[in-house]
Structure formats: C-alpha cells, structure tokens
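Working notes, structure below.
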Protein chains: 2
Amino acid sequence: MRGRECSIANALAVVGERWSLLALREVMLGVTRFDAIAANTGASRDILAARLRTLVDAGVLEKRLYDEHPRRYEYLATESGRALQPVLLGLMEWGDRYVTQGPPPTVWEHACGGELHLRAVCATCGEPVGATPSRLVRLGGVDVDR
Amino acid sequence: MRGRECSIANALAVVGERWSLLALREVMLGVTRFDAIAANTGASRDILAARLRTLVDAGVLEKRLYDEHPRRYEYLATESGRALQPVLLGLMEWGDRYVTQGPPPTVWEHACGGELHLRAVCATCGEPVGATPSRLVRLGGVDVDR
DNA sequence: CTCGTCAGTTGGAAATTCCAACCCGCGCCC
DNA sequence: GGGCGCGGGTTGGAATTTCCAACTGACGAG
C-alpha cells in the first residue's frame, strides 16, 4: 500500500530523510562546505554525501564550484530550498516550545533587524493556524463530504 | 559527533522519523484509528505502532480508550501536536509548489470557510519569511558575530 | 461455528545507517 | 623533496532499522 496521495508525503519523500533538513539548515545559515555541514549536523560523511546528492537532484540545493585545482564545491540553496524556510522555522519554534529545555539555543535575525520568529496564519482570513480544527475538502481532485 | 545544539534537531528527534508526520497528518484530519492510519499512510503496522508510541511518550499524541471490551484505542492530538500544524502545512505548500505534479491532491478547509493556505511571516515586521536572507545571531546562548 | 473487525505483536529477510579508514590533488613549510 | 593538513568525498563491514506477511486475542454478526 502506498498511502494517501498528498503533498506532505511528496515533500517528505524529498526532504524527510534523516539528515536532509539539518543539512539544509546549515546551508541557510551560510555553512556551505561539506566538512562543515558534516561537523555541524553530526551526519556521517557517506550518508551526508548521499543526502546532498538527492537534494541537488531534487533541485533544493545546487552545487557550485568555488575553486578549481583542486576542485572544491559548495552547496547553495535554490529558490526551492529557500522556500523551505517556513518549515525549518516552524520546526524550530515548535522545538523551542515543546522539546528543548531552557532558552532557545539558536536565534535567527530577520532582515528587519528583529529576531526571526514565525507567525503562521491562514492566508484567507489571517487567523493564526493551529488553534482551530481543519477538515479535508478535496482529495485526489475529488471533493469529500463528511 | 552530535552536531549543533538546535531546536530544529530536537524537533526532528521527536517527529523526524519516517512515518511520524504522516501519522500526525491523519490524526489532524480526524483519522484516529490504528488501522485507518496504517492504510492512509502506507506505514507497516509494526513501525506505525512504534512511532505512535514515541509520539505519545513525547506528548504529541494521546491515546484514548474509546471502547472497553474489547479494549480499543484511538489517537488524538494534544496541544503540542496541534502546534505542529504550521509545519505540516508548510510541507504541504512546498510540496504542492515544488514536488507534486498537477493540482494539489489534498485541500484543507479552515474554520473561516476558505481553503487553508499558509502564510508565514516574520512575527515582528510582518514581512513574509523566505524571501529575505537571515543570519544566526545566537547559538547556545552565546551571541555570534560575523 | 465461522467470519470479520480492530489493535496490535512476532519472526526473519532486506535495506539503511553508522563508523573508521582510506584516497586524491593540492598548498605549505622546512 | 618529505611530511603534514585540508577539502570532499568513497569503501567495507558491522550494527541498526525497516519491511512484510502471518499471527494473536477479544469481541460482535450471521
């Protein structure tokens, strides 16, 4: 069985494996080199190499040659990769509140000068997401009624 | 090596394994029974049982007895679990845009009556997250300068 | 008495991950 | 020129996880 047809599952097929999002976190923080990503995430080098490859193949990261002789590459986020920042930030906010003990260990700064915190709202009404229940209205192109 | 001290990593330690977020998706959609969750996610039953156990232990889900004789349980989202909805929605938006081919296969309805779509904004300035770069300002309680 | 439902558990095979060690092209230093 | 170190990986084998199908156990329906 393959489960429900759903973009959450599709997204997780690309970025849902063990070290993928942590590697992306590093790239978003400006840490773009293999050794540094390995050290900062704690991933083993072979697995990290595999994950970076699938992220590049999926268009989330791109590999850029920053030095010939010897050939050295770094990893940069594509538009697709940058579009994952809300997910990363959502995980961070949630981890800060419900998992991590003590004060938030890492804090990001937004371009506006303040600390970067996520506010997730319904795009239509502007109410914050999460408090109110939601229901499924379409599945596989077919409306469902309950 | 254990990597950077970070709430993203802490969050992923709880909900980052293969089927955890898909199980949570089902619960959020009102599918609360073991067999249905297994069918809708595609997870094998033993792994699903293990994941549900860790989610309950972590306080993301709670197990509720809905029938004695025979004892039957269902899974409900706690406050902590509901607080993960922005993450789920962020993954869905991203998957819709960058992974899934064709129209969004699943659509959620918000309490306001409209389709539920995520808008992720900086909590201080209200600008959408992701367009502008961010940088790390504190790490492990210590400010960093670059 | 048999079949079906629900919530799992069990056992063994298959796939993944972890870890340490290795490789290769170079630059630096003496 | 010999040795050391860096950056970006690859390799091999052991340890861990996952997958899958079958089974359990308590019921209710026919």
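Keep in mind the model is a prediction, meaning the values are calculated, not measured. Here is how names work: the chains are called A, B, and so on, in the same order as the sequence lines, proteins then strands, and each is numbered from 1.
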Protein-nucleotide distance ([X], atom [atom1]; [N], atom [atom2]), rounded to Å:
| X | N | atom1 | atom2 | result |
| --- | --- | --- | --- | --- |
| L52(A) | dT10(D) | CG | C1' | 14 Å |
| D35(B) | dT24(D) | CG | C1' | 14 Å |
| E17(B) | dT16(C) | CD | C1' | 13 Å |

Has [X] got a side-chain N or O lying under 4.0 Å from the OP1 or OP2 atom of [N]?
| X | N | value |
| --- | --- | --- |
| R18(B) | dT16(C) | no |
| R53(A) | dT10(D) | yes |
| W19(A) | dT16(C) | no |

### Task
Consider only side-chain N and O atoms of R64(A) and Y75(A), and report whether a donor and an acceptor are under 3.5 Å apart.
no
### Task
Could you tell me whether the side chains of E127(A) and H110(B) share a donor-acceptor contact shorter than 3.5 Å?
no
### Message
Please enumerate all residues that pass side-chain hydrogen bond (donor to acceptor under 3.5 Å, both in side chains) together with R51(A), with sequence neighbours excluded.
### Response
E17(A)
### Query
Residues two or more places apart in sequence or in another chain: which of them pass side-chain hydrogen bond (donor to acceptor under 3.5 Å, both in side chains) with R45(A)?
D35(A)
### Message
When you measure from the side chain of T32(A) to the backbone of L76(A), do you find a donor-acceptor pair of N or O atoms at a distance under 3.5 Å?
### Response
no
#### Entry: Nearest-nucleotide pick for F34(A), side chain only, options being dC6(C), dC18(C), dG8(D)
dG8(D)
### Message
What's the closest nucleotide to the side chain of I47(A) if the choices are dC19(D), dT18(D), dT17(C)?
### Response
dT17(C)
### Message
Given the structure, check if the side chain of R45(B) and the base of dA7(C) hold any donor-acceptor pair shorter than 3.5 Å.
### Response
yes
### Query
With a 3.5 Å cut-off and just heavy-atom distances, do the side chain of D46(B) and the base of dC20(D) make a donor-acceptor pair?
yes
### Task
Indicate, with yes or no, if V121(A) and L91(B) share a hydrophobic cluster defined by side-chain heavy-atom contacts under 4.5 Å among Ile, Leu, Val, Met, Phe, Trp and Tyr.
no
### Query
Which parts of residues 64-78 of chain A get close to DNA chain D, meaning a heavy atom less than 4.0 angstrom away?
Y66(A), R72(A), Y73(A), Y75(A)
